Amino acid sequence: MKHLLCILLFIASSIVVENNSPQKVYICTGSKAYAYHVNPKCSGLSRCSGDIKQITLSEAEAQHRTPCKKCCK
């Protein structure tokens, strides 16, 4: 339920530059990373042992990423 709420809040608060443009999220490429973030400056990304990469929300979900507990409230 929290996952769905986060997605809905993210979509509602996003600024769409072009119609049909996919929603972007941020992930850490480190081996222990498991979440996606809507804020690239989230403190959850500050401990990233890999690179921070921007991907689409659907790509993050396909990788079984979960919403960040800090920036996806």
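None of the values given here were measured: they were computed from a predicted structure.
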Hey, what else clusters with L45 if you join Ile, Leu, Val, Met, Phe, Trp, Tyr whenever side-chain heavy atoms sit under 4.5 Å? Y26, I52

Roughly how far, to the nearest 0.5 Å, is CD1 of I55 from NZ of K24? 9.0 Å

For the Cys pair C42 and C71, is the SG-SG distance shorter than 2.5 Å? no

Once rounded to the nearest 0.5 Å, what's the spacing between atom SG of C68 and atom NZ of K73? 8.5 Å

What are the two closest non-hydrogen atoms of G30 and S49, and how far apart are they? CA-OG, 3.6 Å

Spatial distance of atom NZ (K70) from atom NE2 (H37) [nearest 0.5 Å]: 9.0 Å

Give, for atom NZ of K41 and atom OG of S46, the distance between the pair rounded to the nearest 0.5 Å. 12.5 Å

Search all heavy atoms of T56 against all heavy atoms of P22 and return the closest pair with its distance. CG2-CB, 3.7 Å

